[in-house]
Student: 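Please see the structure below; I have some questions.
This chain uses plain numbering: 1 for the first residue, then up along the sequence. Keep in mind the model is a prediction, meaning the values are calculated, not measured.
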Amino acid sequence: MKNDYLVKAILDSSITSKSIDSEELDKLINHAEKHRIKQIFLDKVSCKKDRRKKYHEQTEIYTRYSLTRDLSISEEIANLIRIFKTIDLEFVFLKGSAFKKTLYEVSYHRDCRDIDILINELDIPKTLEILFSHGYKYLVSPESNNVTHDLSGTHQMPVLVSPNGQYVELHFRITMEDSECKLSKDMLKNHVDNVAPKFLNFIHVAYHALVMNRLNNGLMALIDIHYLLENEEASKLIKQSKQYN
C-alpha cells in the first residue's frame with residue numbers, strides 16, 4: 001500500500017504533506033529514500049512548506065545534498081561528452097543519465113548512482129583507452145589498463161571510477177543474451193544529443209525493471225515510465241515494442 005500511495009502522492013498535485021499525519025509521513029519518507037525517490041517526494045508533497053519544523057528542516061538539508069550530488073553528476077556527464085567528442089564516439093546515455101535533463105522538471109529529482117552509457121561493441125577498446133588516459137580507473141583492479149575482455153554472458157564492461165569519484169558503466173548491449181541486440185543498435189542509430197527516442201527508452205526501462213532488476217528498483221522505474229508515457233500513445237508504444245520481443 002505504501003508503494004501505491006508514494007507514487008500517487010508524487011503524481012497527484014492535490015496531495016500535500018499537510019494532509020498526512022507525522023507517523024505516516026515518516027514511514028513514507030523512509031520508504032521513498034529506500035527507492036531513491038525521496039527528493040521528488042519531498043518536493044511534490046511540499047514538505048518545505050509544512051508547518052511542522054521537522055519536515056521543513058529535513059527538506060532543506062536533503063535538498064542541499066541532492067543539489068550537490070546532481071551538480072557532481074552533471075559535471076561528470078559534461079566531461080564525458082567532451083572526452084568522447086575527441087574520438088568521434090557514437091554513444092547514448094541510459095536511464096538516469098539520460099532522464100535528468102530530458103524527462104524530469106528539475107534534474108535533481110532523478111537520483112543517479114552511476115552514469116550508464118551505451119556504445120558499440122567494436123568501440124570498447126578505444127573508449128577504454130581514452131578514459132584511462134583521462135584518469136578513469138576500474139573500480140576493481142584499478143591498476144589494470146586492460147581494454148580487452150571476455151564479453152560472453154555479460155552486457156557491460158567492469159565498472160569504472162572517474163577522477164572525481166563518479167561511477168561509470170559502459171554497456172555494449174541492452175539485453176544479457178549473447179546475440180544481436182536490435183534495441184541497442186536502434187538506440188545508437190536514432191539518438192538526438194546522445195539520448196535515444198522516448199519509445200526506445202520506454203522499452204529499455206521496462207526490460208531493465210522486469211528482467212534485470214526483478215522490480216528491485218520498482219518505484220523509480222514506474223516514475224520513469226510515467227514520464228516516458230506522457231504525450232505518447234500507449235497502443236503505438238506496444239506495437240513498436242513487439243519488434244524487440
Side-chain angles (χ1 to χ4, degrees), residues 35-40 43 62-121 123-139 142 147 155-174 183-184 186-205 208-209 212-213 217 220-221 223-225 227-228:
H35 282 265
R36 295 165 52 212
I37 55 172
K38 181 176 177 178
Q39 184 64 59
I40 192 172
D43 284 355
Y62 196 79
T63 299
R64 284 197 293 271
Y65 162 79
S66 295
L67 285 167
T68 301
R69 173 84 178 133
D70 182 66
L71 179 61
S72 182
I73 289 285
S74 296
E75 287 179 346
E76 186 61 50
I77 288 172
N79 188 50
L80 285 164
I81 292 172
R82 286 192 293 269
I83 291 172
F84 292 156
K85 278 185 177 179
T86 65
I87 57 171
D88 196 26
L89 181 69
E90 194 73 59
F91 70 97
V92 294
F93 291 109
L94 300 173
K95 300 182 291 183
S97 308
F99 301 157
K100 275 180 165 292
K101 297 291 176 67
T102 60
L103 286 185
Y104 285 74
E105 295 171 67
V106 287
S107 180
Y108 68 89
H109 275 175
R110 180 49 163 88
D111 186 30
C112 187
R113 285 187 300 200
D114 46 43
I115 299 172
D116 293 283
I117 301 166
L118 177 68
I119 62 174
N120 287 300
E121 185 174 331
D123 288 333
I124 290 172
K126 74 173 184 178
T127 305
L128 288 173
E129 284 174 1
I130 194 70
L131 289 176
F132 290 149
S133 73
H134 281 80
Y136 291 73
K137 298 181 181 299
Y138 287 123
L139 177 61
V147 298
H155 66 296
Q156 69 181 70
M157 305 307 295
V159 178
L160 296 163
V161 183
S162 74
N164 69 352
Q166 300 300 328
Y167 293 164
V168 177
E169 294 188 2
L170 294 177
H171 301 253
F172 55 90
R173 187 168 55 233
I174 294 300
L183 179 58
S184 303
D186 286 352
M187 292 180 89
L188 286 164
K189 180 181 177 181
N190 298 299
H191 73 87
V192 176
D193 293 331
N194 309 113
V195 176
K198 273 189 175 182
F199 84 94
L200 294 178
N201 273 314
F202 163 74
I203 296 166
H204 174 222
V205 171
H208 192 270
M212 305 288 284
N213 274 4
N217 66 340
M220 180 181 286
I223 295 168
D224 284 346
I225 287 171
Y227 286 123
L228 286 164

Student: Report yes if the side chains of L160 and L128 come closer than 4.5 Å at any heavy-atom pair, otherwise no.
Tutor: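 Yes, side chains in contact.
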Student: Once rounded to the nearest 0.5 Å, what's the spacing between atom CD of Q156 and atom CZ of R173?
Tutor: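 With rounding to 0.5 Å, CD (Q156) is 11.0 Å from CZ (R173).
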Student: List for me each residue that meets ring-ring contact (aromatic ring centres under 6.0 Å, His included) alongside Y167, sequence neighbours excluded, and say none if there are none.
Tutor: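 For Y167 there are no ring-ring contact (aromatic ring centres under 6.0 Å, His included) partners, ignoring immediate neighbours.
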Student: Listed by chain and number, what are the side-chain contact (heavy atoms from CB on, under 4.5 Å) partners of D111, not counting sequence neighbours?
Tutor: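 side-chain contact (heavy atoms from CB on, under 4.5 Å) check on D111 returns R36, R113, M220.
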Student: Can you give me the closest heavy-atom contact between N79 and Y136, atom names plus distance?
Tutor: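 Shortest heavy-atom separation between N79 and Y136 comes out as ND2-OH, 3.2 Å.
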Student: Taking the side chain as everything from C-beta on, heavy atoms only, tell me whether H191 gets closer than 4.5 Å to E90.
Tutor: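 Counting from C-beta outward, H191 and E90 do come under 4.5 Å.
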Student: To the nearest 0.5 angstrom, please state how far the CD1 atom of I77 sits from the CD1 atom of I115.
Tutor: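 With rounding to 0.5 Å, CD1 (I77) is 5.0 Å from CD1 (I115).
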Student: Measuring from F84:CZ to L89:CG, what's the distance to the nearest 0.5 Å?
Tutor: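 Between F84 CZ and L89 CG, I get 5.5 Å after rounding to 0.5 Å.
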Student: Ignoring hydrogens and angles, tell me if any N or O in the side chain of N194 forms a donor-acceptor pair with the backbone of F91 under 3.5 Å.
Tutor: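 Pair found, side chain donor or acceptor close to backbone of F91.
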Student: Relative to each other, are the rings of H204 and H208 parallel, tilted or perpendicular (30° and 60° limits)?
Tutor: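 It falls in the perpendicular class, over 60°.
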Student: Which pair of heavy atoms, one from D43 and one from H109, lies closest together, and at what distance?
Tutor: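 Here D43 and H109 meet closest at OD2-NE2, 2.8 Å.
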Student: Would you please test N201 and V195 for side-chain contact (heavy atoms from CB on, under 4.5 Å) and show each step?
Tutor: CA-CA 9 Å; N201 273 314; V195 176; 4.0 Å; yes
Student: Can you check whether I130's main-chain N or O pairs, donor with acceptor, with S133's side chain at less than 3.5 Å?
Tutor: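 Yes.
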Student: Evaluate side-chain contact (heavy atoms from CB on, under 4.5 Å) for I40 paired with V106, printing each intermediate quantity in order.
Tutor: CA-CA 9 Å; I40 192 172; V106 287; over 6 Å; no
Student: Report yes if some heavy atom in the side chain of I124 is under 4.5 Å from a heavy atom in the side chain of L170; otherwise report no.
Tutor: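 Result no, sub-4.5 Å side-chain heavy-atom pair not found.
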Student: Looking only at non-hydrogen atoms, find the nearest pair between L103 and D224 and report the distance.
Tutor: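 Reported closest heavy-atom pair: CD1-O, 4.1 Å.
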Student: Grab the two heavy atoms, one from A221 and one from A209, that are nearest each other, plus how far apart they are.
Tutor: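 Residues A221 and A209, closest heavy atoms: CB-CB, 3.8 Å.
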Student: Taking all non-hydrogen atoms of both residues into account, name the closest pair between S66 and Q39 and its distance.
Tutor: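 The pair with the smallest heavy-atom distance is OG-OE1, 2.7 Å.
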Student: How long is the span from the CG atom in L183 to the CE atom in M187, to the nearest 0.5 Å?
Tutor: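 That separation rounds to 5.5 Å.
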Student: Checking the side chain of R110 only, and the main-chain atoms of K95 only, is there a donor and an acceptor separated by less than 3.5 Å?
Tutor: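 No; zero donor-acceptor contacts below 3.5 Å.
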Student: Please give me the minimum heavy-atom distance between F172 and L118, naming the atom from each residue.
Tutor: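 Closest pair (atom of F172, atom of L118, distance): C-CD1, 3.9 Å.
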Student: Do other residues, nucleotides or ligands put more than 12 heavy atoms under 6.0 Å from the CG atom of N164?
Tutor: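 Yes, because the 6.0 Å sphere around CG of N164 holds more than 12 heavy atoms from other groups.
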Student: Between I117 and S97, is any pair of side-chain heavy atoms under 4.5 Å apart?
Tutor: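 In short, these two side chains do not touch, never coming nearer than 4.5 Å.
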Student: Go through the structure and list residues passing salt bridge (charged side-chain N to carboxylate O under 4.0 Å, His left out) with K101, not counting sequence neighbours.
Tutor: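 Residues passing salt bridge (charged side-chain N to carboxylate O under 4.0 Å, His left out) with K101: none at all.
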Student: To the nearest 0.5 Å, how far apart are CG in L94 and CD in E169?
Tutor: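 The CG atom of L94 sits 10.0 Å away from the CD atom of E169.
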Student: So does K189 have more than 12 non-hydrogen atoms from other groups sitting under 6.0 Å from NZ?
Tutor: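 No - once you tally the heavy atoms of other residues, nucleotides and ligands closer than 6.0 Å, there are 12 at most.
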Student: Could you please spell out the steps behind the side-chain contact (heavy atoms from CB on, under 4.5 Å) verdict for V205 and F99?
Tutor: CA-CA 11 Å; V205 171; F99 301 157; 3.6 Å; yes
Student: Assert yes or no for the condition that the ring centre distance of Y62 to Y65 is strictly below 6.0 Å.
Tutor: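 Yes, the ring of Y62 comes within the 6.0 Å limit of the ring of Y65, centre to centre.
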Student: Looking at side-chain heavy atoms only, is the closest gap between Y108 and L71 below 4.5 Å?
Tutor: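 Y108 does not reach L71 side chain to side chain.
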Student: Kindly assign one of parallel, tilted or perpendicular to the pair F132 and Y138, based on the angle between their ring planes and the thresholds 30° and 60°.
Tutor: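 Ring orientation of F132 relative to Y138: perpendicular.
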Student: Check whether T86 reaches the backbone of I83 with its side chain - one donor and one acceptor, N or O, closer than 3.5 Å.
Tutor: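 Checking the backbone N and O of I83 against the side chain of T86, a donor-acceptor pair under 3.5 Å is found.
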Student: Between D70 and K100, is there a side-chain N and carboxylate O pair less than 4.0 Å apart?
Tutor: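 K100 and D70: salt-bridged.
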Student: If I take atom OG from residue S107 and atom CD1 from residue I73, how far apart are they, to the nearest 0.5 angstrom?
Tutor: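 It comes to 9.5 Å.
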Student: Please determine whether side-chain contact (heavy atoms from CB on, under 4.5 Å) holds for the pair Y227 and T102, giving the CA-CA distance in whole Å, both sets of side-chain angles, and the decisive distance to 0.1 Å.
Tutor: CA-CA 10 Å; Y227 286 123; T102 60; over 6 Å; no
